[in-house]
**Q** 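What follows is a single structure, and I will ask about it in a moment.
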Amino acid sequence: CLIAQHALGPAVALSHVSALVMHGIATYGVPLDNVHVTRLDGGASRSEAGVVHHRAQCLTDELVELGGGLATPPHRAAVEASTLTDGEGALVHFDSLLFSVDDDHDKLMRQIAVMNSWPNTQHLLIPARMAVAGAQSPGESRGRWLFWRQGLPIPECQYKVYDDQGQLIATTDWGWPGLGVLGEFDGEMKYGRLLKPGQDPGDVVFAEKQREDLVRDLTSCTFIRLIWRDYYRQRITAERVSRRLGVRHRF
C-alpha cells in the first residue's frame, strides 16, 4: 500500500480495503491483492499495475495522514470496503471498526447515510445496525451473522461471568443467558495467543477446559463452540446451535 501511495503522490488517497488495512481494521471477503486509491485530481476510474483507481467525491479536509500519505478516514474506509463484499464481510468490517478504532456507532450510521447513494451500499444498513463494539474477531462477527441469517436468537457479545463475590471469572464470545447457553469461537490462532513463555500447548487446552468447567458451574449454562469450518456449512451449524438453544431456526 505504502509503495503505491508514495509512487502516485498527492494525486490519490488510500481508500477502501487498503485504507482499512492501514487503519488496523479487520477485513473479510475482500481480496487484498490490489491497492485501492481514490483520485483527488479528477482522474478516471481504472485498474492498472495492481492499483484500483476509484473516482468519488473526497474532500481534502476529511482525509487523514497515514504512513506518510493521505487516506480516507476509518468510518468512510469501512463503508467503502464493504461495498466490495457482502453483508457478512460488512459486519466484520463494522464490528472491527467499533472495537479497534472508534466505538461511536452513531458516527458509523451517519457515514452510511452520507454514502447511501453510492453503488453497492443498499445491503449495508442491516450489518451497520447489527455492529457492536464488543466483537473482538472476525470469527465472532461471522457467528453473529450466521445466527441472524438462520433466524436464531442474537447473543450478547462478550458476556461476562462473575463469581459469588462479584469477581470477573471469564468473558465468553457469545451469551444467551436466558436460554442457558454460552458460546465461543475457536480460531486456529486462539490457543497460540494464550500460550505463555515456556508453556506447552496442552497446558493451555487444559486451562481452557478448567475455565469452561468453572463457568458451567457458576452459570449452569451449557457451552457451544464454533470453528471456521462451521461457517461453510451453515445449515448444519444452525441445526446444531438451535438444538442447543432449544429453539427452531429459520431454514
Side-chain angles (χ1 to χ4, degrees), residues 24-26 28 91-109 127-148 150-231 237-249:
I25 298 170
Y28 176 75
L91 182 59
V92 170
H93 299 163
F94 297 155
D95 275 356
S96 183
L97 166 74
L98 297 179
F99 173 70
S100 303
V101 178
D102 185 347
D103 64 359
D104 189 342
H105 189 270
D106 289 341
K107 188 174 181 180
L108 170 61
M109 297 306 296
R129 287 173 174 168
M130 290 177 61
V132 295
Q136 298 183 7
S137 74
E140 294 177 46
S141 301
R142 292 188 65 195
R144 286 178 31 253
W145 185 256
L146 182 150
F147 305 144
W148 176 77
Q150 297 294 326
L152 295 167
I154 303 299
E156 297 181 33
C157 280
Q158 298 297 300
Y159 181 76
K160 291 178 170 49
V161 177
Y162 298 89
D163 65 13
D164 295 337
Q165 286 72 47
Q167 180 179 352
L168 180 64
I169 298 300
T171 303
T172 64
D173 295 337
W174 309 302
W176 297 268
L179 297 173
V181 180
L182 303 178
E184 294 205 329
F185 170 75
D186 287 342
E188 294 179 1
M189 299 300 294
K190 175 176 180 176
Y191 297 113
R193 289 197 305 268
L194 297 175
L195 198 64
K196 298 177 181 178
Q199 192 174 30
D200 185 87
D203 296 333
V204 175
V205 174
F206 181 67
E208 181 69 9
K209 179 64 168 60
Q210 287 184 308
R211 168 182 171 272
E212 182 176 319
D213 288 343
L214 177 58
V215 170
R216 290 178 195 270
D217 290 341
L218 289 171
T219 63
S220 300
C221 289
T222 61
F223 250 82
I224 189 164
R225 292 182 178 272
L226 300 185
I227 59 177
W228 286 120
R229 184 177 59 185
D230 292 323
Y231 296 145
T237 301
E239 289 171 0
R240 176 161 66 95
V241 175
S242 67
R243 286 195 299 270
R244 188 65 58 86
L245 295 176
V247 300
R248 294 177 61 87
H249 67 97

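Because only heavy atoms are used, hydrogens play no part in the values below, and waters and symmetry mates are left out as well, while side chains stay in.
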**Q** How close do Phe99 and Ala135 get, heavy atom to heavy atom, and via which atoms?
**A**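 Of all heavy-atom pairs spanning Phe99 and Ala135, the closest is CB-O, 3.5 Å.
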**Q** Which atom names give the shortest non-hydrogen contact between Met130 and Arg144, and what distance separates them?
**A**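 Scanning both residues completely, I find the closest heavy atoms to be O-NH2, 2.5 Å.
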**Q** Quick one: closest heavy-atom pair of Leu108 and Ala128, and the distance?
**A**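 Leu108 and Ala128 have their closest heavy atoms at CD2-O, 4.2 Å.
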**Q** Using the benzene-type ring in the case of Trp, are the ring centres of Phe147 and Trp176 under 6.0 Å apart?
**A**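 They qualify: ring centres under 6.0 Å apart.
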**Q** Can you give me every donor-acceptor pair (side chain of residues 214-221, partner residue at least two apart or in another chain, under 3.5 Å) with its distance?
**A**
| unit_1 | atom_1 | unit_2 | atom_2 | d |
| --- | --- | --- | --- | --- |
| Arg216 | NE | Glu212 | OE2 | 3.4 |
| Arg216 | NH2 | Glu212 | OE2 | 2.2 |
| Thr219 | OG1 | Val215 | O | 2.7 |
| Thr219 | OG1 | Cys221 | N | 3.1 |

**Q** Is there a donor-acceptor pair under 3.5 Å between the side chain of His105 and the backbone N or O of Val132?
**A**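 No.
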**Q** Please give me the minimum heavy-atom distance between Glu140 and Gln136, naming the atom from each residue.
**A** OE1-N, 3.3 Å
**Q** Distance check, rounded to the nearest 0.5 Å: Arg142 atom CZ versus Asp95 atom CG?
**A**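 Rounded to the nearest 0.5 Å, the CZ-CG separation comes to 13.0 Å.
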**Q** Examine distances only and state if a side-chain atom of Gln150 and a backbone atom of Leu146 form a donor-acceptor pair shorter than 3.5 Å.
**A**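 No, because the side chain of Gln150 does not come within donor-acceptor range (under 3.5 Å) of the backbone of Leu146.
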**Q** Once you round to the nearest 0.5 Å, how far does CG of Leu226 lie from CD of Glu184?
**A** 10.5 Å
**Q** What is the minimum heavy-atom distance between Pro138 and Val92, and which atoms define it?
**A** CB-CG1, 3.9 Å
**Q** From Ile224 CD1 over to Asp173 CG, what is the distance, rounded to the nearest 0.5 angstrom?
**A** 12.5 Å
**Q** Using the rule ring-ring contact (aromatic ring centres under 6.0 Å, His included), only one of Trp228, Trp174, Phe223 pairs with Phe185; which is it?
**A** Trp228
**Q** Can you list the steps and then say if Val247 with Leu152 is a side-chain contact (heavy atoms from CB on, under 4.5 Å)?
**A** CA-CA 8 Å; Val247 300; Leu152 295 167; 4.1 Å; yes
**Q** CG of Leu179 to OG1 of Thr222: how many Å apart, nearest 0.5 Å?
**A** 9.5 Å
**Q** Looking only at heavy atoms, what is the nearest atom pair of Leu91 and Pro127, with distance?
**A**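 Scanning both residues, the minimum pair turns out to be CD1-O, 3.5 Å.
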**Q** Quick one: does Val161's side chain get under 4.5 Å of Leu182's, heavy atoms only?
**A** yes
**Q** How many angstroms lie between atom CG of Leu97 and atom CG of Asp104, to the nearest 0.5 angstrom?
**A** 9.5 Å
**Q** If you define the side chain from C-beta out and look only at heavy atoms, does anything of Glu156 sit under 4.5 Å from Pro177?
**A** yes
**Q** Rounded to the nearest 0.5 Å, what's the gap from CG on Asp164 to CD1 on Ile169? Could you check?
**A** 9.5 Å
